[in-house]
Amino acid sequence: MAFRAFFALPAEKFSTDDGQVTNAVYGFASMLINLLKAEEPSHVAVAFDVARHSFRTEEYPAYKDGRGETPEEFKTQIPIIKELLDALGIAWLTKENFEADDIIATLAARGEAEGLSTLISSGDRDAIQLVNGAVTLLYPVKGVTELKRYTPEEVEEKYGVTPDRYRDLAALVGEKADNLPGVPGVGPKTAAKWIVKYGSLDGLVEKADELPGKAGQSLRDHLDDVLRNHRLNKLVRDLELESGIPELAWEGWSVAETNRLFDALQFRALGERLNANLADKAVGAAPVPVAETERVDAAALVPGGLADWLAGCEGTVALAYTGTFASGAGSFDSIALAEGGRALWFDPSQLDAEDERSWIDWLADPAKAKVVHDAKAFLWGADAAGWPEVAGIAADTVLGAYLLKPEQRSYALGDLAMQFLGRELATAETPADDGALVGLDAAMNDGAAQVEADAAAAAAIGEIAAVQAERLEQRHQEHLAGAMEYPLAAVLARMEIIGIAADEGHFADIESGFAAQSKEATDRAHEIVGRSFNIGSPKQLQEILFDELDMPKTKRTKTGYTTNADALQQLFAKTGHPLLEQLLRYRDVEKLKQIVTTLRSTIQTDGRIHTTFFQTVAATGRLSSTDPNLQNIPVRSEAGRAIRAGFVVSSGFESLMTIDYSQIEMRIMASLTGDEGLIEAFVQGEDIHRAVAAKVFAVAPGEVTAEHRRKIKAMSYGLAYGLSTYGLSQQLGVSTQEAQQLSDEYFARFGKVRDYLHRVVEEARKTGYTETIMGRRRYFPDLTSDNRQVREMAERAALNAPIQGSAADIMKTAMLGVDRALRTEGLASRVLLQVHDELVCEVAPGEADRLESLVREQMSNAATLAVPLTVSAGFGESWEAAAH
DNA sequence: GGAGGAACGTA
DNA sequence: CGTACGTTCCTCCA
């Protein structure tokens, strides 16, 4: 039943913050609670298999062969289910060398002997043989909560034979899941017909010689299989068990223990269901009363009512909004406010002057605490609506959920309601049935349902924020939430609203330049091949390169052989074929063309590009940028840098300033590892790679060659990513032996770095997570996977997460400091972009020096490490010109 | 029209 | 057989 639940419920929706999947536990518990409530049993027991091995595999080694490996995510849930059963006061049994069904068969037989009536809930059809007047099978139809009752009559109706003959039928038909082949060509219909006609399998076997036709011959040919199946599918009814029937009496469930367990599993609805349905069987502390439902008194605004409503608020107000929001702007359709069981709904475009004034005052008042779901889009809308200031945002449920579970893909309100409150969110289409509507005639008003749904959303946001606050506190992440992520949303909103000025003419120029080169490369390639083809199609390229031109095969991909730039380069080195040059040139220039085309299309009417920074996408804590992504604008090639020249200073400002951390991740590594050699290299070294190379190769810094430095640089950077010896050798173009030797020498000199990297992974395996210097967590359930590839990927991610994540923490802290300082110092300069370790700012006239020292100060003091946080800055008319 | 893969840009 | 992302194009499928 647990296994069925595992496949019936989506794992993504049932897992705890720390990555423990709970879908099987949840489904099993849910089914069990239903059963306990509906059937009111006097005695209950749950049987488990011990292992796949049993007396059946001894007789027939291929028994259950062909089943895949039991998924790791399922295995880890079994001990939890046993814990759950303990908390529920329900006995659970196992028996070495036997299967769970044998235990069930034994208990059913004993119950029958004692005159009890027995219910079996099992997803294994073998249990059908146990059905009789005193024994009923509840067999899952769909998922695990819908069960079909099999009495002897039901069995006969469905299978055409009585339960005591079911084994005969199963032996003939076979059981694919157990790897027990039956008689080919004989299905349940023929089998039932034979059994009815000859009374039993024994009767049938006696007359096997007389059976006509193909089916008869088939039976004769496979008689041994059938007899084997029949022996194996017999459940054992007389096992010796540790517990007799008296020990299985169900006395009730422990309130304290189930609360503790459900809390740990982050189940909310189940505890309430236990309370509501099985209160009379609760043991221990009085059951917690059923929690207040989402009933909210929702009122649509009557003119002048907003001021009164807001004046009546004493605590934190939860705010839900609807509307259209994109690229640093937006407009509201509705806003709903909820506080203490009452809610107010309004269309902000319809406010009268008095309401609008009190609304704007309330928004700007930092003492009026607000919680929202996605503050950033709200801030865009507020800016577009002309509400000058929004202060007092005490929590954002999207960001809270991200800190608790940074790998999650969606933080939609409905998902969070399920995750944190254990309930579905009411919508206009499926309203909560107990909702009450005040101030509106709910009866036939279409809008009423919407009002109520929005009010319920606001109320849910408040509740979610409360649950999150508790969990964040347990993890000591209140500071990370309240002093970093929540206030950072406002900083990002300002950056997005401002945008960065684009030089459309410049973009247009280089776009046509790239387009011409792209066309030329395409034409040349067609010429060389002697016909036209789609140069952008890897599939067609493969045909041409590997079939027609018979070039050596490259590394495999899922769909064939790679044609990526690395591979094309290597092919060119081997073959010198002129086509490869054109392909590489095409790829290069076409990519640049596409980037410019996209950038042009995102320039808004204000002549600026307004990206969106996502704060909840990267599991490490970094930001991401979309629509367009301004964190991956080319910089490495000269042609690429021409694109950066199109991001320019706007009128009213004197220049752009770029300012970045130098080698921040290596510095963090030096600090976290405490490696004296590396720290020393940073404290004194002008050129860190040269300093490290000098130590590794035991030469004076002045004698370090370019080749030494290049190798060390690759090695140093690779460390933080878990680069393997093989990977290092590939990157440096040397043998693995040489890469191994380099690695050995490196670690001989910087031993603490290796110790640290091992320690991080070890620790993560123990606790399940890694932590950054500011307490941001990332969980790694895959570290214990049986699959080597999966496990090793998790190991690399785990050793990178604290380094990349700490760098993200530091930059976020710096951005908050810069934002605060700009405002208190009254500078007009502003931050436009963040590119992980770099900020791009727009410098107001005469502010260059003050801005630089202010930002430098904030960036270098954002954290105290064992090494200095070095920052470098440059100024110019464009992003390219401001490079340094 | 959507999904998935390949490719490639950044830190 | 190096982490973290987003975008684009092509291909396949419904």
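Chain A is the first sequence line, chain B the second, and so forth, proteins listed ahead of strands; every chain is numbered from 1. All of these numbers come straight from a predicted model, not from anything done at the bench.
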In terms of side-chain heavy atoms, does [X] have a donor or acceptor partner in [Y] at a distance below 3.5 Å?
{"X": "A:Asp415", "Y": "A:Ser410", "result": "yes"}
{"X": "A:Glu72", "Y": "A:Ser785", "result": "no"}
{"X": "A:Tyr746", "Y": "A:Ser716", "result": "yes"}
{"X": "A:Arg778", "Y": "A:Thr772", "result": "no"}
{"X": "A:Thr559", "Y": "A:Lys539", "result": "no"}

- [ ] Determine which bases of DNA chain B form Watson-Crick or G-U wobble pairs with both distances under 3.5 Å, and write the result as a 5' to 3' dot-bracket string with | for other-strand partners.
- [x] |||||||||||
TODO: Would you kindly compare A:Tyr726 and A:Arg778 by the position of their nearest DNA chain C nucleotide and give the one closer to the 5′ end?
DONE: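 Closest to the 5' end, via its nearest nucleotide, is A:Tyr726.
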TODO: Give every residue pair that meets the ring pair (Phe, Tyr, Trp, His ring centres under 6.0 Å) criterion with at least one member in residues 518-541 of chain A, sequence neighbours excluded.
DONE: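 As it turns out, the ring pair (Phe, Tyr, Trp, His ring centres under 6.0 Å) pairs with a partner in residues 518-541 of chain A, which skip direct neighbours, are A:His526-A:Phe533.
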Send over the distance from [X] [atom1] to [N] [atom2], rounded to a whole Å.
{"X": "A:Ile668", "N": "C:dA4", "atom1": "CD1", "atom2": "P", "result": "16 Å"}
{"X": "A:Phe533", "N": "C:dC10", "atom1": "CZ", "atom2": "C1'", "result": "15 Å"}
{"X": "A:Arg409", "N": "C:dG6", "atom1": "CZ", "atom2": "P", "result": "13 Å"}
{"X": "A:Gln834", "N": "C:dA4", "atom1": "CD", "atom2": "P", "result": "17 Å"}
{"X": "A:Leu630", "N": "C:dT7", "atom1": "CG", "atom2": "P", "result": "10 Å"}
{"X": "A:Leu719", "N": "C:dG2", "atom1": "CG", "atom2": "C1'", "result": "11 Å"}
{"X": "A:Leu728", "N": "C:dG2", "atom1": "CG", "atom2": "P", "result": "10 Å"}

Using a heavy-atom cut-off of 4.0 Å across all strands, would you classify [X] as base, sugar-phosphate, or nothing?
{"X": "A:Thr725", "result": "nothing"}
{"X": "A:Gln789", "result": "nothing"}
{"X": "A:Gly536", "result": "sugar-phosphate"}
{"X": "A:Met793", "result": "sugar-phosphate"}
{"X": "A:Ala619", "result": "sugar-phosphate"}
{"X": "A:Arg788", "result": "nothing"}

- [ ] In plain terms, say whether A:Asp786 and A:Arg791 are close enough for a salt bridge, that is, a side-chain N and a carboxylate O under 4.0 Å apart.
- [x]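 Not counted as a salt bridge, because no side-chain N and carboxylate O are separated by less than 4.0 Å.
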Open item on the list: What I want to find out is whether A:Arg776 reaches A:Glu485 closely enough, with some N-O distance under 4.0 Å, to be called a salt bridge.
Closed with: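 Here A:Arg776 pairs with A:Glu485 in a salt bridge, since their nearest N and O are under 4.0 Å apart.
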Open item on the list: Holding to side-chain contact (heavy atoms from CB on, under 4.5 Å), I want the full list of residues that pass it with A:Ala807, two or more places apart in sequence or in another chain.
Closed with: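 For A:Ala807 the side-chain contact (heavy atoms from CB on, under 4.5 Å) partners, ignoring immediate neighbours, are A:Ile664, A:Glu665, A:Ile668.
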- [ ] Let me have a per-nucleotide readout for nucleotides 5-11 of chain B, 5' to 3', with B, S or -, counting only protein heavy atoms under 4.0 Å.
- [x] SSSBBBB
Open item on the list: Under 4.0 Å, heavy atom to any atom of DNA chain B: which of residues 865-884 of chain A qualify?
Closed with: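 Close to the strand, none.
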Open item on the list: Distance check, C1' atoms only: C:dG2 and B:dG4, in whole angstrom units.
Closed with: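 Looking at atom C1' only, C:dG2 and B:dG4 are 24 Å apart.
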- [ ] Kindly state each residue pair satisfying salt bridge (Lys or Arg N to Asp or Glu O under 4.0 Å) with at least one member in residues 743-753 of chain A, sequence neighbours excluded.
- [x]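 Only A:Glu676-A:Lys752 qualify under salt bridge (Lys or Arg N to Asp or Glu O under 4.0 Å).
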Open item on the list: Does C:dG2 have its OP1 or OP2 closer than 4.0 Å to a side-chain nitrogen or oxygen of A:Ser724?
Closed with: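 Result: yes.
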Task: Presence of A:Thr620 side-chain N/O under 4.0 Å of C:dA4 phosphate oxygens OP1/OP2 - done: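 The answer is no; no side-chain N or O of A:Thr620 sits under 4.0 Å from OP1 or OP2.
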Open item on the list: Classify the ring geometry of A:His689 against A:Tyr717: parallel below 30°, tilted from 30° to 60°, perpendicular beyond 60°.
Closed with: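 Aromatic pair A:His689/A:Tyr717 classed tilted.
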Open item on the list: Would you say the rings of A:Phe507 and A:Phe647 are close, in the sense that their centroids are separated by under 6.0 Å?
Closed with: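 So the answer is yes for these two rings.
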